[in-house]
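Chain naming here is simple, since letters A, B, ... match the order of the sequence lines and numbering starts at 1 in each.
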Amino acid sequence: MPRFITELKRTHRCGDLAKADVGKEVVLFGWVNNRRDHGGAVFIDLRDREGVTQVVFEEDVRPEVHELAEKLRLEYCVGVRGKVVSRGQNVNPRLKTGEIEVHATDLEIFNRSEPLPFQIEDQLDTAEEKRLQYRYLDLRRAPLQRTLVTRARINHVTRSYFTEAGFLELETPFMVKYTPGGARNFLVPSRLNPGKFYALAESPQLFKQLYMIAGFDRYFQIVRCFRDEDLRLDRQPEFTQIDVEMSFVSQDDVFDAIEGLVVRLWKEILGVELTRPFRRLPFDESMDRYGNDKPDLRFDMPHVVLTGLVKQHQGGGVPLLAGAVEEGGMVKAMRVPVSANLSRTEVDKLEELVKGMGSRGLARAKVGEGGEWTQSPFAKTITPELRRAVNEACGAQPGDLILFQFGKASVVHTVMANLRVHLAKRMGLIPEYGPGGQWRFLWVVDPPLFERDEATGQWAAAHHAFTRPRDQDLPYLETDPGKVYCWRYDLVLNGFEIGGGSIRLHDPQVQARVFKAMGISAEEARAKFGFLLDALKMGAPPHGGIALGMDRLVMLMTGAESLRDVVAWPKTQKGTDLMTGAPGDADEKQLRELYVKSTWEPG
RNA sequence: GGGGUGUUAGUUAAGUCGGUUAUAACGCCGGCCUGUCACGCCGGAGGCCACGGGUUCGAGUCCCGUACACCCCGCCA
C-alpha cells in the first residue's frame with residue numbers, strides 16, 4: 001500500500017466533489033464526522049474544512065481495508081484513497097456532495113481519538129464553558145469554521161479596499177506609555193527599567209495622528225487593542241479594530257471612505273446591496289428618542305421626553321414627577337401598544353428588570369376608552385390636562401400601556417433604552433440577522449464635546465481631548481462648555497456601535513483652550529501628551545479618522561449571537577482562558593527580575 | 001463594586017411533597033447486520049448530584065456561604 005502524505009497527495013477537499021468527478025481516483029484527508037457500520041459495508045462521513053463526503057468501505061473490495069475501517073471511530077484523523085462513484089437514485093439531498101460517494105481502496109489512520117467531551121455537530125447545546133475548555137474541538141464545528149473563513153475574507157476585502165484607495169497599512173506599537181484617562185490599561189513591567197511599566201495600547205490613536213503629521217496622508221491598520229475593563233456579550237479584553245486616519249478631510253470625506261468599505265463588504269461577503277448615504281441622526285435626538293447613542297432602528301418604539309410638559313403643568317398634580325423635575329431630573333415615557341398584550345405579571349417582571357438597572361420602579365398607566373388611566377400610581381392625582389397632554393405626546397390609544405421613568409437623566413436614559421429593546425424582542429419586532437435580515441446603518445453625529453463628571457462636577461471630554469469642536473461653538477469654551485458640540489461620529493448598526501471617530505483638533509491654540517475648559521493645566525497636559533502637543537505645533541495637517549470594531553462587524557455579518565463566537569480564542573467574562581488557564585501565576589524569580597511584588601493574599 | 005440566572009453520568013436533560021437501588025437520550029465498550037446517511041437490533045460499563053457548612057430520623061431536593069460560567073448596571077476618553 002502506498003504511503004499517504006509522502007506518496008499519496010491530497011487531490012480534492014471533501015466539499016469539492018460533484019457528479020463531474022465520477023470515475024476519478026481521489027485522495028482525501030480529514031476527520032471521521034460519522035460512521036455507520038453495516039457489517040459488510042462501512043459508511044464514513046469524512047469531514048475537512050470545506051465539507052463532508054461519504055466514503056464506503058466494502059468487504060468484498062479490499063477485505064484488509066474494510067477490516068481497518070471497522071476500527072474507525074468519531075474524529076479519527078485519516079487519509080483515504082478511492083474512486084468517485086455516482087450514488088444513482090440513492091442521493092442524500094442534505095449533503096452538498098450527496099450525489100456521489102467515494103469507494104475506498106486504501107485507508108490510513110493518522111491518529112485515533114479518545115471519546116470527545118462533546119460531539120462535533122452543527123447544532124450543539126453543550127455549555128459554553130466546556131466548549132471554551134476544548135476550543136480546538138469546538139472550532140471543528142461547521143458554524144465556527146464558516147465564521148472564521150468569513151472573518152478571513154472580511155480581512156482580505158478590507159485590505160484590498162483600502163490599498164486600492166491609496167491607504168498605507170502601517171503598524172503601531174502595542175507596548176506604549178501609559179496615558180491616564182480613558183480605558184484602564186494592562187500594564188507590562190519593564191525588566192530593563194526597574195519600577196517602570198509599559199501599557200498595552202488601548203488603541204493606536206495617538207500614533208495614527210502622528211502618521212498624519214509625518215505626512216503619510218492615509219493610513220489603515222487591522223490592529224489588536226487591549227482594554228482592562230469588565231467584559232460583556234460584545235466586549236473582549238483584546239479585540240481587533242479596523243483603524244483609519246486621513247489628512248485634509250472633512251467628516252463627509254471620512255463617511256464616504258467608510259461607507260465605501262461597508263458597501264463593498266456587504267456586497268462581496270453577503271451579496272447584499274446597501275444604499276448610500278447612510279442615515280444621520282444628531283446625538284441629542286438619539287438620546288431623547290432612544291436613550292442611547294447606538295439605537296437599533298429596525299423597530300421604532302421611541303421614547304417621549306415629558307420633562308417640559310410636566311414643568312408646563314406645574315407638576316400636574318403628581319408629586320413624584322414634580323419632584324424629579326424640580327431636582328433637575330428628567331421624565332420620559334414610552335407607549336406600549338395594546339397589541340403587545342402585556343399581562344400584569346409581565347409588567348411586574350419588567351419592574352424587577354429595571355430595578356436591576358438602578359431604577360427605583362416602573363410607573364405605568366393603562367389607557368382607557370376616554371383616555372383615563374388605570375393601574376397607575378399617577379391616576380388618582382394627575383390633572384386631566386397633563387394626562388391629556390401625555391396621552392397626546394405618546395400617541396396613546398385606548399388599551400395601550402404607557403411606561404414611565406423619571407429622575408436622574410443618565411438612569412432614565414439607560415433604563416428606557418433597555419426597556420425599548422427588551423419589549424421589541426418580546427413583541428417580535430426585531431427581524432432575523434443574516435443576509436436576509438435588515439441592515440439599519442446610522443451615523444450618530446454632532447455630540448457635545450464635554451460631559452459633566454457626576455462625581456466631581458467638572459467638565460470632562462466626552463470622548464477624547466483631541467476632538468475638534470464646531471467653529472461656531474468655540475466662544476462657549478470659556479463661558480458655557482456644555483454648549484460646545486464637536487466633529488465626533490459613531491457608526492451604528494442594529495443597536496451596536498460598530499465604529500467611532502472624529503475630526504481631530506490640529507490647532508494648538510484651540511487645543512490649549514479645550515484643556516483649560518477641562519481643568520487640565522498646561523503642565524499636566526505637557527506631562528501627559530507632550531509629544532503630541534509638540535507635533536501639533538510643527539505643521540500638523542487637518543486630519544480625522546475612525547476605528548471600526550472588527551469583531552462586532554464579523555458578529556453582525558455572520559449572525560453570531562456573541563463576540564465569543566467570532567473570536568477564535570476568546571476570554572470568559574472574568575477575562576480567563578479556560579483552555580490554557582491564563583492568567584497564571586508568576587514564580588518568585590520572574591517577579592524579582594521584574595522588580596514586582598504581589599500584594600494579593602488568598603482568602 | 002452591585003443585581004439576576006445556572007451547576008445532576010463524557011454531553012444534554014428529567015428527578016413529584018424531603019423517603020428504598022438517582023432516570024433517559026446521545027456518546028463509549030462488546031456482539032449482529034452490504035445501502036446507510038440522526039442507520040437499525042441485542043447486551044454492558046459509566047455518578048463525591050460543583051464545593052463547604054447547616055436544618056432533619058433522613059437532603060440531589062430546604063437554608064447559608066464559596067467557586068465557576070453566563071446576562072445586565074456601574075465601567076468601557
K.L.:
If you go through the side-chain atoms of A:R232, does one of them form a donor-acceptor pair with the base of B:rG74 closer than 3.5 Å?
P.N.:
yes
K.L.:
Using a heavy-atom cut-off of under 4.0 Å over every strand shown, decide if A:Q573 touches base, sugar-phosphate, or nothing.
P.N.:
base
K.L.:
Heavy atoms under 4.0 Å, any strand shown: does A:K130 hit a base, just sugar-phosphate, or nothing?
P.N.:
sugar-phosphate
K.L.:
At 4.0 Å (heavy atoms only), tell me whether A:D60 reaches a base, stays on the sugar-phosphate, or touches nothing.
P.N.:
base
K.L.:
Going by modelled atom types, is there a donor-acceptor pair between the base of B:rC72 and the side chain of A:N418 at under 3.5 Å?
P.N.:
no
K.L.:
Ring of A:H38 versus six-membered ring of B:rU36: centres under 5.5 Å and planes under 30°?
P.N.:
no
K.L.:
Any side-chain heavy atom of A:T467 within less than 4.5 Å of one from A:L449?
P.N.:
yes
K.L.:
Mind checking if A:R227 touches a base, just sugar-phosphate, or nothing, with heavy atoms under 4.0 Å?
P.N.:
sugar-phosphate
K.L.:
Is the terminal nitrogen or CZ of A:R135 (NZ for Lys, CZ for Arg) located under 6.0 angstrom from the six-membered ring centre of A:W569 and within 45° of that ring's axis?
P.N.:
no
K.L.:
Give A:A465 one of three labels, base, sugar-phosphate or nothing, depending on what nucleic acid heavy atoms sit under 4.0 Å from its own.
P.N.:
nothing
K.L.:
I need the NE2-C1' distance between A:H422 and B:rG4, as an integer number of Å.
P.N.:
13 Å
K.L.:
Does the structure show A:F118 stacking with B:rU11, if we require the centres to be closer than 5.5 Å and the planes to be within less than 30 degrees of parallel?
P.N.:
no
K.L.:
Pick the C1' atom in B:rU5 and in B:rG43, then give their distance to the nearest Å.
P.N.:
41 Å
K.L.:
Using a 4.0 Å heavy-atom cut-off, does A:N92 contact any base of the nucleic acid, only the sugar-phosphate backbone, or nothing at all?
P.N.:
base
K.L.:
In whole Å, what separates the P atom of B:rG1 from that of B:rG46?
P.N.:
44 Å
K.L.:
Counting side-chain heavy atoms from CB outward, which of B:rU34, B:rC26, B:rA69 is closest to A:T572?
P.N.:
B:rA69
K.L.:
Which pair of heavy atoms, one from A:V176 and one from A:L200, lies closest together, and at what distance?
P.N.:
CG2-C, 4.4 Å
